[in-house]
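What follows is a set of notes on a single structure, which appears directly below.
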Amino acid sequence: GDALQKKYDTEQMVISAGMSGALLIRPLDFLAAGVYGSMEIWFKPITIKTGGIIDIPSSSAGIVIRLIPYSLDRNPGLEDLAVFDFRFGTRRINNLFDAAALPEGEISAQAPEFVIITGVQAEDFALKAGYRFCSAEVTVPGTNEKLKIDLSGLFISLGFMISI
């Protein structure tokens, strides 16, 4: 985010990886709804010139509404879909395996998130792309200074679906 780049004079780009899961009920052929959860980690924390690291792993949870404008049932358990997901939830800086940190120390925050995803599924495999809208405000450890951290961004997802 811009606030981090201005404060710590860094230009390094970060790539993260994560996983997400959702449990949906599909009462109508074109609509499903349920809950989701996700977690992501940074491959490598940013090392800044003056020393210290910036590491912002995160996790989220909330509700998902899925629109299914195209569906072709080829036989039991094999279905092709085109989907649009709308996720409404909360994103948290930190996750089960990693604590977020600025050079001054560990941080935590929680903020609302809205996610739009579109994709296709052929049989059990899916390819999706989306955009997350979310920004959180954190207090720099040991100070009263507030930083706005933008957790928004594009993502690509490869996955599989288990239909019951």
Side-chain angles (χ1 to χ4, degrees), residues 1-7 10-46 54-72 79-102 106-139 146-164:
D2 292 340
L4 290 175
Q5 192 174 20
K6 285 179 186 175
K7 179 168 178 55
T10 180
E11 295 178 7
Q12 182 179 352
M13 188 172 100
V14 175
I15 296 175
S16 66
M19 61 184 182
S20 176
L23 179 60
L24 302 170
I25 297 172
R26 188 173 171 186
L28 303 169
D29 190 45
F30 63 89
L31 179 70
V35 295
Y36 76 93
S38 69
M39 182 178 62
E40 69 183 50
I41 58 170
W42 286 18
F43 282 123
K44 180 183 174 193
I46 296 173
I54 298 173
D55 188 13
I56 306 180
S58 60
S59 59
S60 63
I63 61 169
V64 59
I65 297 170
R66 173 172 288 174
L67 301 178
I68 307 167
Y70 170 81
S71 174
L72 174 64
E79 185 174 24
D80 293 344
L81 302 170
V83 299
F84 294 98
D85 284 1
F86 300 95
R87 295 181 176 191
F88 307 89
T90 301
R91 190 154 197 82
R92 158 171 269 161
I93 295 176
N94 285 327
N95 64 39
L96 294 173
F97 303 106
D98 197 8
L102 294 176
E106 289 188 8
I107 58 171
S108 66
Q110 189 170 327
E113 79 171 348
F114 174 62
V115 183
I116 299 172
I117 302 170
T118 185
V120 294
Q121 173 189 319
E123 297 182 8
D124 294 331
F125 296 96
L127 174 62
K128 298 178 185 175
Y131 193 87
R132 172 180 299 111
F133 299 90
C134 180
S135 63
E137 189 172 87
V138 299
T139 302
K146 302 274 188 197
L147 283 178
K148 185 175 180 182
I149 298 178
D150 188 3
L151 300 170
S152 302
L154 291 168
F155 61 89
I156 296 173
S157 171
L158 302 171
F160 65 94
M161 177 184 277
I162 300 170
S163 299
I164 299 174

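Start at 1 with the first residue, then count along the sequence. A quick note: this is a predicted structure, and the numbers were derived from the prediction, not measured.
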Report the residues that fulfil side chain to side chain donor-acceptor pair (under 3.5 Å) with T139, sequence neighbours left out, ordered by chain and then residue number.
K146
Only counting residues at least two apart or in another chain, list the ones meeting side chain to side chain donor-acceptor pair (under 3.5 Å) with E106.
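Applying side chain to side chain donor-acceptor pair (under 3.5 Å) to E106 gives none.
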Which residue pairs pass the salt bridge (charged side-chain N to carboxylate O under 4.0 Å, His left out) test when at least one of the two sits in residues 16-38, sequence neighbours left out?
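Those involving residues 16-38 are R26-D29, R26-E79.
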Going by heavy atoms in the side chains, are [X] and [Y] under 4.5 Å from each other?
{"X": "I93", "Y": "L151", "answer": "yes"}
{"X": "V83", "Y": "K128", "answer": "yes"}
{"X": "L24", "Y": "V35", "answer": "no"}
{"X": "E137", "Y": "I149", "answer": "no"}

Should L23 and Y36 be marked as a side-chain contact (heavy atoms from CB on, under 4.5 Å) after you check the CA-CA gap, both sets of side-chain angles, and the distance that decides it?
CA-CA 6 Å; L23 179 60; Y36 76 93; over 6 Å; no
Going by the rule salt bridge (charged side-chain N to carboxylate O under 4.0 Å, His left out), which residues pair with R87 if we only count those two or more places apart in sequence or in a different chain?
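Per chain and number, R87 pairs via salt bridge (charged side-chain N to carboxylate O under 4.0 Å, His left out) with no residue.
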Would you please name every residue forming a salt bridge (charged side-chain N to carboxylate O under 4.0 Å, His left out) with R132, sequence neighbours left out?
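For R132 the salt bridge (charged side-chain N to carboxylate O under 4.0 Å, His left out) partners, ignoring immediate neighbours, are E40, E113.
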Approximate separation, where rounding is to 0.5 Å, of L102 CG and I56 CD1:
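Output value for this atom pair is 6.5 Å.
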Spacing of N94 atom CG and Q110 atom CD [to the nearest 0.5 Å]
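These two atoms lie 10.5 Å from each other.
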Show the nearest heavy-atom pair for residues A32 and P27, with the distance to one decimal.
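Heavy-atom minimum between the residues: CA-CD, 4.4 Å.
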Nearest heavy-atom pair of C134 and S152: which atoms, and what distance?
N-OG, 2.9 Å
According to the interplanar angle, ranging from 0 to 90°, do the rings of F88 and F114 count as parallel (below 30°), tilted (30 to 60°) or perpendicular (above 60°)?
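Ring orientation, 0 to 90° scale: tilted.
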Return the set of residues passing ring-ring contact (aromatic ring centres under 6.0 Å, His included) with F125 (not counting sequence neighbours), or none when no residue passes.
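With sequence neighbours excluded, F125 shows a ring-ring contact (aromatic ring centres under 6.0 Å, His included) to no residue whatsoever.
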Would you please name every residue forming a ring-ring contact (aromatic ring centres under 6.0 Å, His included) with Y131, sequence neighbours left out?
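Result, ring-ring contact (aromatic ring centres under 6.0 Å, His included) vs Y131: F133.
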[X]: what forms a side-chain contact (heavy atoms from CB on, under 4.5 Å) with it, not counting sequence neighbours?
{"X": "A61", "result": "none"}
{"X": "N95", "result": "M39, I41, P57, S59, F97, D98"}
{"X": "I156", "result": "L127"}

Please output the side-chain donor-acceptor pairs of residues 62-70 that fall under 3.5 Å, not counting sequence neighbours, one pair per line with the distance.
residue	atom	partner	partner atom	Å
R66	NE	D85	OD1	2.6
R66	NH2	D85	OD2	2.9

I25, CD1: over 12 other non-hydrogen atoms inside 6.0 angstrom:
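12 or below, so no.
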